[in-house]
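Reading through the structure tokens given below for one structure.
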Amino acid sequence: QVQLVESGGGLVQAGGSLRLSCAASGLTFSSYAMAWFRQAPGKEREFVASVTWSGEFTYYADSVKGRFTISRDNAKNTVEMQMNSLKPEDTAVYYCAARGDWYSPRPPARSDEYDYWGQGTQVTVSS
């Protein structure tokens with residue numbers, strides 16, 4: 001049974017930082033592209049960042065580029081995202097997602113192309 005478990009969310013003031021973590025089990029982690037998505041109240045789920053199976057390539061939404069950094073550790077089956085200079089508009093539930101059998105240089109950015117999802121972790125940024 002595949003499980004993705006996010007942690008690290010919380011309440012932070014604008015300009016602050018948080019580090020999200022996603023622990024994966026039940027899958028061959030190093031064969032999966034990984035991504036973070038987020039969903040704010042009343043809005044659709046949106047792509048935030050992704051990393052290839054090897055960790056060599058990373059991609060970001062324009063809204064977070066330069067502020068967020070995604071990374072993975074295939075030995076520990078974890079993917080993390082460092083979020084700096086947080087803004088109130090970053091407030092959302094953040095989800096970890098996994099896509100198997102994807103070896104192209106750029107992971108998908110559409111949520112419906114991912115195989116597995118975590119339960120989400122709330123990030124709230126106060127102004």
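Sequence positions, counted from 1, serve as the residue numbers for this chain.
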Distance col, row Tyr94:OH vs Met81:CE, nearest 0.5 angstrom, shows 6.0 Å
About how many Å separate CE of Met34 and OG1 of Thr78, when rounded to the nearest 0.5 Å? 9.5 Å
Got a sec, which hydrophobics cluster with Trp117, joining ILVMFWY side chains under 4.5 Å apart, including via others? Phe37, Phe47, Phe57, Tyr59, Val93, Tyr95, Tyr114
Is a donor on one side and an acceptor on the other found under 3.5 Å between the side chain of Ser54 and the backbone of Glu56? yes
If I compare all heavy atoms of Val5 with all of Gln119, which pair ends up nearest, and what's the gap? CA-OE1, 3.8 Å
Tell me which donor-acceptor pairs under 3.5 Å the side chains of residues 19-27 have, and how far apart each pair is, sequence neighbours excluded?
residue	atom	partner	partner atom	Å
Arg19	NE	Glu80	OE1	2.9
Arg19	NH1	Gln82	OE1	2.9
Arg19	NH2	Glu80	OE1	2.6

What residue pairs, at least two apart or across chains, pass salt bridge (Lys or Arg N to Asp or Glu O under 4.0 Å) with a residue in residues 91-109? none
Reported CD-to-SG distance for the pair Gln3 and Cys96, which is rounded to 0.5 angstrom: 12.0 Å
Are Val12 and Thr124 side-chain neighbours, meaning at least one heavy-atom pair lies under 4.5 Å? no
Should Tyr60 and Leu18 be counted in the same cluster of Ile, Leu, Val, Met, Phe, Trp and Tyr side chains packed under 4.5 Å apart? yes
Excluding sequence neighbours, so at least two apart, what forms side chain to side chain contact (heavy atoms under 4.5 Å, CB included) with Ala14? Pro88, Val125
Give the table of side-chain donor-acceptor pairs shorter than 3.5 Å for residues 64-75, with sequence neighbours excluded, one pair per line with atom names and distance.
residue	atom	partner	partner atom	Å
Lys65	NZ	Asp62	OD1	3.1
Arg67	NH1	Ser85	O	2.9
Arg67	NH1	Asp90	OD2	2.7
Arg67	NH2	Ser63	O	2.9
Arg67	NH2	Asp90	OD1	3.0
Arg67	NH2	Asp90	OD2	3.4
Arg72	NE	Trp53	O	3.4
Arg72	NE	Asn74	OD1	2.7
Arg72	NH1	Tyr32	O	2.7
Arg72	NH1	Thr52	O	2.9
Arg72	NH2	Phe29	O	2.8
Arg72	NH2	Tyr32	O	3.0
Arg72	NH2	Asn74	OD1	3.2
Asp73	OD1	Ala75	N	3.0
Asp73	OD1	Lys76	N	3.3
Asn74	ND2	Trp53	O	3.0

Among pairs that include at least one residue of residues 31-60, which meet disulfide bond (SG atoms under 2.5 Å apart), considering only residues two or more places apart or in two chains? none
Measure the spacing between CG of Asp115 and CG of Leu4 and express it to the nearest 0.5 Å. 10.0 Å
Does the side chain of Glu46 come within less than 4.5 Å of Arg38's, by heavy atoms? yes
Using modelled atom types and a 3.5 Å cut-off, is there a donor and acceptor pairing between side-chain atoms of Ser17 and backbone atoms of Asn84? no
